[in-house]
Amino acid sequence: MDIMIAADLNYFSPALTLIVSLFHNHMERDMNIYFLCSEFGEKEFAVLDKIEKRYKNKKIICFNISEEQTEGLRSFGRFSVGAFYRILGLEMIPMEVERILYLDVDMVVTRDITGLFEMDMTEPVLVCDDINNILQGNMEYHKAIVHLTPEDKYFNSGMILFDMEYVRQKHVRERLLDDIKDNFDRYKLVDQDALNRYYHGISRFIPWEKYNCPCVPYLSLDTRHVIGERNLLTYAELQRMQDPENGLQIFDVTEGILAEASIIHFCSEMKPWKDREFYQCNQNMQQVYKIYNRYERLAARLMK
């Protein structure tokens, strides 16, 4: 299994947690992690080497992203230049790698995801709906920015399974970077918008509930949230329906959805390695925090 992750020094600790969660849930599986990084020194590389040696059949291959490679790119919103590493790294993946699974480092893997990695590549990428923006009511805005219609689908770029032969043949990296530089001031979620624009119509969407599940509240008028159904309330709908006069009962189905996820994405501004009290005090997210904290503590022990 070939995995690509990316981080600068600020995200080194959560990257370790993700790596340990991947290794721990695939103990008997060969795995190569291609780590696109910057600002790492001897200390960080020594830690990665130590973690690698604790697991059988696991490799961590680091590629340093230079300032020359990021020329013309800049931070946007709350995102650093590191957001573009997933695109820059596409040219660094060895030629023998046929497909690669990109994961954001603010994720944790809760179980074996071999089935995801081995899915049929009927399209050049496998992706998931951006459910967080759907719930926030922002989806039409993001679609309009990249010239998609309301009926088109828009994905979250935190998890992407890339067909690397397609990437190489179509020079995807170069086309994405050209698009980013041409539209930087127009795009809102710059790298994600560029990816959606390029892969529009040639993306296979797989269940977000399993493979890119945001750790956010999920509310429904139905106690039984079934994977694949869209019976969740947007936050705007929730505000309208909370009027006591309408007599509707709203159910919090957060815990059940998160329990089914194989990959949990902490994509909001609240991060489990910083905002511990938020997760510890939120009853429906406590179990997820315990899972994250378990791998975080395991990574810390392996660093000693």
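This chain uses plain numbering: 1 for the first residue, then up along the sequence.
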- Derivation of the side-chain hydrogen bond (donor to acceptor under 3.5 Å, both in side chains) call for Asp112 and Asn25: CA-CA 5 Å; Asp112 191 311; Asn25 284 291; over 6 Å; no
- Assess Lys153 against Phe205: is NZ or CZ under 6.0 Å from the centre of the six-membered ring, and within 45 degrees of the ring's axis? yes
Distance-only, no hydrogens or angles: does the [X] side chain make a donor-acceptor pair with backbone N or O of [Y] under 3.5 Å?
X      : Y      : value
Asp182 : Asp179 : no
Thr110 : Ala261 : yes
Lys188 : His142 : no
Lys58  : Glu52  : no
Asp104 : Asp106 : no
Arg111 : Glu260 : yes
Asp129 : Ile131 : no
His24  : Val20  : no
Arg175 : Lys170 : yes

Mind telling me whether [Y] and [X] have parallel, tilted or perpendicular rings, with 30° and 60° as the class edges?
X      : Y      : value
Trp273 : Tyr11  : perpendicular
Tyr166 : Tyr199 : tilted
Phe12  : Phe40  : perpendicular

Below 4.0 angstrom, N of the basic side chain to O of the carboxylate: do [X] and [Y] qualify?
X      : Y      : result
Arg173 : Glu91  : yes
Glu28  : Lys56  : yes
Arg276 : Glu296 : yes
Asp193 : Arg186 : no

- Note on the structure: Of Glu140, Lys143, His200, Gln192, the one forming a side-chain hydrogen bond (donor to acceptor under 3.5 Å, both in side chains) with Tyr154 is Gln192
- Can Thr254 and Asp252 be counted as having a side-chain donor-acceptor contact under 3.5 angstrom?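 On atom types as modelled, these side chains qualify, holding a pair under 3.5 Å.
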- Message: Holding to side-chain hydrogen bond (donor to acceptor under 3.5 Å, both in side chains), I want the full list of residues that pass it with Tyr85, two or more places apart in sequence or in another chain.
- Response: Ser38
- Item | Check: Tyr279 ring centroid to Phe266 ring centroid under 6.0 Å |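 Yes: the rings meet the under 6.0 Å criterion.
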- Given Leu101, which of Leu126, Asp2, Ile113, Ile160 fulfils the side-chain contact (heavy atoms from CB on, under 4.5 Å) condition?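 So the option named by the test is Ile113.
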- Item | Ile51: which of Leu302, Leu298, Ile33 passes side-chain contact (heavy atoms from CB on, under 4.5 Å) | Leu302
- Message: Can you give me the closest heavy-atom contact between Ser157 and Asp191, atom names plus distance?
- Response: OG-OD2, 4.3 Å
- With rounding to the nearest 0.5 Å, note down the distance linking CG in Asn132 to CH2 in Trp208. 10.0 Å
- Got more than 12 heavy atoms from elsewhere within 6.0 Å of CD, Glu96? yes
